[in-house]
Protein chains: 2
Amino acid sequence: MGEQDDSGLTRIQRRNRELILEGALTVFSNSGFRGATIDQIAGEAGLSKPNVLYYFASKDEIHKTLLTTLLDMWLAPLSNIDPEGEPLQEVLDYVAAKLRMSRQYPRESRLFAYEILRGAPHLTEILGGRLRGTVEDAVAILQDWMQSGRLRNVEPHHLIFSIWAMTQHYADFEVQVRAVLGKGHDPFSEAQEFLDDLYRRLLSP
Amino acid sequence: MGEQDDSGLTRIQRRNRELILEGALTVFSNSGFRGATIDQIAGEAGLSKPNVLYYFASKDEIHKTLLTTLLDMWLAPLSNIDPEGEPLQEVLDYVAAKLRMSRQYPRESRLFAYEILRGAPHLTEILGGRLRGTVEDAVAILQDWMQSGRLRNVEPHHLIFSIWAMTQHYADFEVQVRAVLGKGHDPFSEAQEFLDDLYRRLLSP
DNA sequence: CCTGATCCTGACTCTTTGGTCAATAATTGG
DNA sequence: CCAATTATTGACCAAAGAGTCAGGATCAGG
């Protein structure tokens, strides 16, 4: 994940930085940036507060490091869309991959959700830069498929937004989803079925 | 909106409470609960901090009042689904209404998004109570339509989730949407077209 | 097993911020 | 126009939390 610069790091540095980022992910994704405290992060990581600040200059730096480190992993599935693949199946695979990530990495999903909600102070350049580029690549592929009639014609940007919205909803708003569904439901596997049907219907030529 | 108890309130009280809630909505929806300060709220409302605390006992009470006051308005469209109406059109109208609310009341959308993200400490009873009830009513109507073959059969809870996710996405993640689309787009009217097509496809029997 | 570099922490500072309060100003009803 | 009630605020307090630092512990390489 991300541009690791583990080169000049000792074993202890590597381990402790990892512990801190892991703890920070839990804390930031639960409480947001402003709601998180270095003490909580330290507690989660099993280190003292000054020790955390020995490895990262500030709370802000921890946060920024987390975001940039996780962004690649978060966007990867979009780049995995194969222009040579079967169009509908490629999209359905992307949806499934994103939904799986919401289930498996809800903390990451919430971390980004908080950041975008805030207006993305740390991500502004990235949003208009790398993210936009990645999306445009995918859009180009989709448009090609649509023009050749192998996929039904819809606005590709909004198609991608819809996939993001629907899949991340199950991570970001999980308490609401569970409260509304009540006991005895597996939101994610139900969602998988629902979304598979939805995008099949929407995109079958 | 909500159960107003304006009975024993003077003119000044009504006006200032309104100013405070209005300012608080702006501040909370931008920064979240922990990120907001009473000073900011006071500034937004054009009052002094002690004066704000003269009308509300605490920051928490302002927040709770806002949430409960706005919840009714936020859920209203769901209760407006007419069992006697034309099924597909009723759903499309609901989608359009929700999207219109995202455009017109993005602050409310973000306020709730922040709260759910946090785990909804203030809303837990409501989520499993009133919200769940409202959803179940709508689900019953949808199920009826589906059983009588006037609407295609999909899981109604997840249909509702999908509508929430897609429409609120444009308010909650607006900076991302705009960054990805670039200049010269009207996200909301494009979304309206996209969603109309999507749900038409999904639900036409 | 010694030494320099790395690692760790208790105790501290400084700022922010939620909230209080006594004193003052408006307002209102008689 | 005069109490009595309501509204407003400057000055303050206490707690929380980000970040510092001097000194002690640990470790790695020779």
Side-chain angles (χ1 to χ4, degrees), chain A residues 4-67 111 114-115 118 121-122, chain B residues 4-67 111 114-115 118 121-122:
Chain A
Q4 233 68 11
D5 188 8
D6 282 3
S7 27
L9 297 186
T10 70
R11 220 175 332 148
I12 295 179
Q13 278 167 346
R14 232 189 311 274
R15 176 174 55 86
N16 283 353
R17 285 179 64 96
E18 196 42 55
L19 284 173
I20 291 166
L21 291 175
E22 171 66 22
L25 177 55
T26 296
V27 176
F28 283 136
S29 65
N30 276 328
S31 314
F33 181 75
R34 293 291 304 270
T37 74
I38 302 184
D39 257 317
Q40 286 172 47
I41 296 172
E44 205 70 32
L47 302 173
S48 70
K49 178 167 81 155
N51 204 14
V52 166
L53 289 164
Y54 174 72
Y55 289 101
F56 290 90
S58 66
K59 178 178 162 183
D60 215 79
E61 200 194 288
I62 302 176
H63 192 239
K64 196 182 281 186
T65 303
L66 254 190
L67 285 172
L111 182 78
Y114 265 120
E115 188 61 11
R118 282 213 299 171
H122 281 336
Chain B
Q4 234 69 8
D5 187 8
D6 282 3
S7 28
L9 298 185
T10 70
R11 221 176 331 151
I12 296 179
Q13 279 167 345
R14 233 191 311 273
R15 176 175 54 87
N16 283 353
R17 285 179 64 97
E18 196 43 55
L19 283 173
I20 291 166
L21 290 175
E22 171 66 22
L25 177 55
T26 296
V27 176
F28 283 136
S29 66
N30 276 329
S31 314
F33 180 75
R34 293 292 303 268
T37 75
I38 302 184
D39 257 317
Q40 286 173 44
I41 296 173
E44 204 71 31
L47 301 173
S48 69
K49 177 167 79 155
N51 206 12
V52 166
L53 288 164
Y54 173 73
Y55 290 102
F56 290 91
S58 66
K59 177 178 162 182
D60 215 78
E61 199 193 289
I62 302 176
H63 192 239
K64 197 182 279 186
T65 303
L66 253 191
L67 284 172
L111 181 79
Y114 265 120
E115 188 61 10
R118 281 213 301 171
H122 282 337

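Worth knowing before you read on, the calculation uses all heavy atoms, side chains too, and leaves out hydrogens, waters and symmetry mates. Lettering follows sequence order; numbering is per chain, from 1.
- Listed by residue number, A:P50, A:N51, A:Y54, A:Y55 are the residues of residues 49-62 of chain A with a heavy-atom contact under 4.0 Å to DNA chain C.
- Listed by residue number, the members of residues 29-39 of chain A with any heavy atom below 4.0 angstrom from DNA chain C are A:R34.
- With rounding to the nearest 0.5 angstrom, the CG atom of A:L19 is 11.5 Å from the CD1 atom of A:I12.
- Across the protein-nucleic acid pair, B:I41 atom CD1 and C:dT17 atom C1' stand 12 Å apart, rounded to whole Å.
- Think of the region where chain B sits on DNA chain D: with heavy atoms and a 4.0 Å cut, that region ends 5' and 3' at D:dT6 to D:dG17.
- With sequence neighbours left out, the side chain to side chain contact (heavy atoms under 4.5 Å, CB included) criterion links B:F28 to B:A24, B:F33, B:A36, B:I41, B:K59, B:I62, B:H63, B:L66, B:L111.
- The nearest pair of heavy atoms linking B:H122 to B:D60 is CE1-OD2, 3.0 Å.
- Within 4.0 Å of B:R15, counting heavy atoms only, lies no atom of the nucleic acid at all.
- Every residue meeting the salt bridge (charged side-chain N to carboxylate O under 4.0 Å, His left out) condition with A:R118, not counting sequence neighbours, appears here in chain and number order: A:E115.
- In this structure, B:L67 and B:K64 have side chains that are not in contact, with every pair of non-hydrogen atoms separated by 4.5 Å or more.
- Listed by first then second residue, pairs satisfying side-chain hydrogen bond (donor to acceptor under 3.5 Å, both in side chains) with a partner in residues 44-57 of chain A read A:N16-A:Y55, not counting sequence neighbours.
- B:E61 and B:T65 get closest at one heavy-atom pair: O-OG1, 2.7 Å.
- Rounded to whole angstrom, the span from the CD atom of A:Q13 across to the C1' atom of C:dC8 amounts to 13 Å.
- Taking CD1 from B:I20 and CD from B:E22, the interatomic distance works out to 12.0 Å, rounded to the nearest 0.5 Å.
- For the pair B:L9 and B:R14, the tightest heavy-atom approach, listed with the atom from each and the gap, is O-NH2, 3.5 Å.
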